[in-house]
There are 2 protein chains.
Amino acid sequence: MSGAGQEIRARGSRAHETRDRIVDATIQLLAREGYGSITTRRIGEVAGVKYQLVHYYFASMEDLFIDAFRRGAEENLARLAEITDGEASLRRFWKVNSDAGASRVMVEFVALAQRHPALRLEIATYARRFRAAQLEFARAALARESLAADHIPPVVILLLTTGLAQLEAHDRLIGLTDGHDETRTWIENWLAANTTPVKE
Amino acid sequence: MSGAGQEIRARGSRAHETRDRIVDATIQLLAREGYGSITTRRIGEVAGVKYQLVHYYFASMEDLFIDAFRRGAEENLARLAEITDGEASLRRFWKVNSDAGASRVMVEFVALAQRHPALRLEIATYARRFRAAQLEFARAALARESLAADHIPPVVILLLTTGLAQLEAHDRLIGLTDGHDETRTWIENWLAANTTPVKE
DNA sequence: GTCTATAAAGCGATAGAC
DNA sequence: GTCTATCGCTTTATAGAC
């Protein structure tokens with residue numbers, strides 16, 4: 001899935017350059033201004049193409065959203081695979097899971113999905129896959145290096161850290177960052193004190 | 001603030017019945033269908049009044065949003081005050097902080113606020129107040145009943161649990177509930193094992 | 001593949017009768 | 001306070017020239 005997408009872009013196929021720019025612009029707009037700013041005109045503006053071309057490449061907005069979501073999802077899965085391709089550690093887990101940027105875009109896609117059922121299905125399928133992969137990694141990390149003292153289930157670690165990343169992204173939208181640094185520092189100290197890393 | 005609002009509704013003033021229905025419909029629509037469904041026509045439909053009356057009672061949509069947000073905020077603060085009006089306990093803190101419904105509406109208001117600066121200020125002010133009150137309660141609860149073994153800062157408890165509530169609400173939008181029950185059960189067991197409640 | 005032109009629908013907001 | 005009517009604007013989407 002990720003391979004096919006990469007291949008097309010790697011080949012530098014001219015035929016799909018405009019199409020790629022449209023998809024890129026969609027993701028950029030979602031990340032920067034939220035889904036309320038998603039219109040064919042704004043997308044064309046950001047992509048540097050006439051907005052009518054959006055309709056040439058995509059039968060409907062929903063088709064565009066699904067394509068854009070798939071690209072983002074593939075990149076997330078590839079990045080997750082890259083980071084987790086090695087010895088499992090809670091530190092690595094925390095690193096890949098605390099990315100606020102990805103949380104932000106994901107929230108916007110879910111908001112869009114409220115009005116686009118096909119997109120909602122696509123998101124649900126991906127979210128289960130991504131969570132399962134994260135859970136597997138957290139499980140391996142906890143099995144290897146957690147202290148016997150506290151046996152926190154991997155799924156609890158997963159939901160608490162995912163929720164924290166999402167909350168931080170959400171807070172930042174209204175300029176609220178109270179407690180963010182303190183919480184991150186505490187978690188890092190906790191990781192240092194409660195795990196026995198074999199090698200980094 | 002909360003008192004004034006309550007007073008008007010308690011009096012049952014006929015003059016503001018339509019206005020109240022419009023505000024109610026706005027909050028309902030946000031909770032049920034998200035901010036993408038917020039239009040004067042949809043609001044009028046849900047409220048059972050002609051949509052033009054929205055403009056009679058509110059100079060602009062932003063004014064309506066701010067009024068609706070204030071009503072919800074006042075109710076949240078009143079509910080928080082009610083629950084925390086007694087001896088502080090982590091169990092009570094978890095109860096008031098794990099409300100997924102309030103999280104959902106809050107997320108929608110923040111999404112709306114991206115395009116309405118005055119609303120954003122209103123939300124930021126309220127969020128700081130609400131967080132501060134929650135933090136104070138968490139601090140008191142931890143000081144009273146946490147075991148000496150783990151000294152988790154109150155702000156860490158606050159952000160982790162708030163993030164979890166928000167994540168659950170977000171997950172549910174796409175029909176994803178994997179791990180929710182397990183995590184809640186674990187937290188409740190953790191509370192039972194790691195706190196020494198004086199009385200409930 | 002990209003352009004101009006335009007259709008069809010929905011939006012917030014206002015004017016004026018009652 | 002509520003109604004009908006309508007303005008001016010933006011949206012998605014399509015048609016047809018090049």
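Everything quoted here is computed from the prediction, not taken from an experiment. Residue numbering restarts at 1 for every chain, and letters A, B, ... go by the order of the sequence lines.
Rounded to an integer number of Å, the gap from CZ of A:Arg115 to P of D:dT11 is 15 Å. Rounded to whole angstrom, the span from the CZ atom of A:Phe58 across to the P atom of C:dT2 amounts to 12 Å. Spacing between atom OH of A:Tyr57 and atom C1' of D:dT12 amounts to 19 Å, rounded to whole angstrom units. With rounding to whole Å, A:Tyr56 atom OH is found 19 Å from D:dC18 atom P. Regarding B:Arg19, its CZ atom lies at a distance of 13 Å from the P atom of D:dT2, rounded to whole Å. In this structure, B:Met61 atom CE and C:dC11 atom C1' are separated by 9 Å, rounded to whole Å. Between the OH atom of B:Tyr35 and the P atom of C:dC11 there is a distance of 15 Å, given to the nearest Å. When rounded to the nearest whole Å, the span between CZ of A:Arg21 and P of C:dG1 equals 15 Å.
When the options B:Thr161, B:Thr84, B:Leu158 are evaluated for a side chain to side chain contact (heavy atoms under 4.5 Å, CB included) with B:Gln134, the one that passes is B:Leu158.
Side-chain nitrogen and oxygen atoms of A:Thr18 include at least one within less than 4.0 Å of the OP1 or OP2 phosphate oxygen of C:dT2.
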Would A:Leu164 and A:Ile187 satisfy side chain to side chain contact (heavy atoms under 4.5 Å, CB included), going step by step from the backbone distance to the final call? CA-CA 11 Å; A:Leu164 180 64; A:Ile187 287 178; 3.5 Å; yes

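The stretch residues 41-54 of chain A touches DNA chain D through A:Arg41, A:Tyr51, A:Gln52, each having a heavy atom within less than 4.0 Å of the strand.
Comparing D:dT12, C:dT14, C:dT2 by their nearest atom to the side chain of A:His55 picks out D:dT12.
Taking CG from A:Leu64 and NE2 from A:His55, the interatomic distance works out to 10.0 Å, rounded to the nearest 0.5 Å.
Remark: side-chain polar atoms of A:Arg184 are paired, donor with acceptor, to backbone N or O of A:Ser98 under 3.5 angstrom. Formation of a donor-acceptor pair under 3.5 Å by the B:Ser89 side chain with backbone atoms of B:Arg92 is found in this model. Counting only distance, with no hydrogens or angles, the side chain of A:Gln114 and the backbone of B:Glu33 share no donor-acceptor pair below 3.5 Å. Side-chain atoms of A:Tyr57 do not come within 3.5 Å of backbone N or O of A:Ile22 as any donor-acceptor pair.
Across all strands shown, A:Ile38 has heavy atoms under 4.0 Å from sugar-phosphate atoms exclusively, and none from any base.
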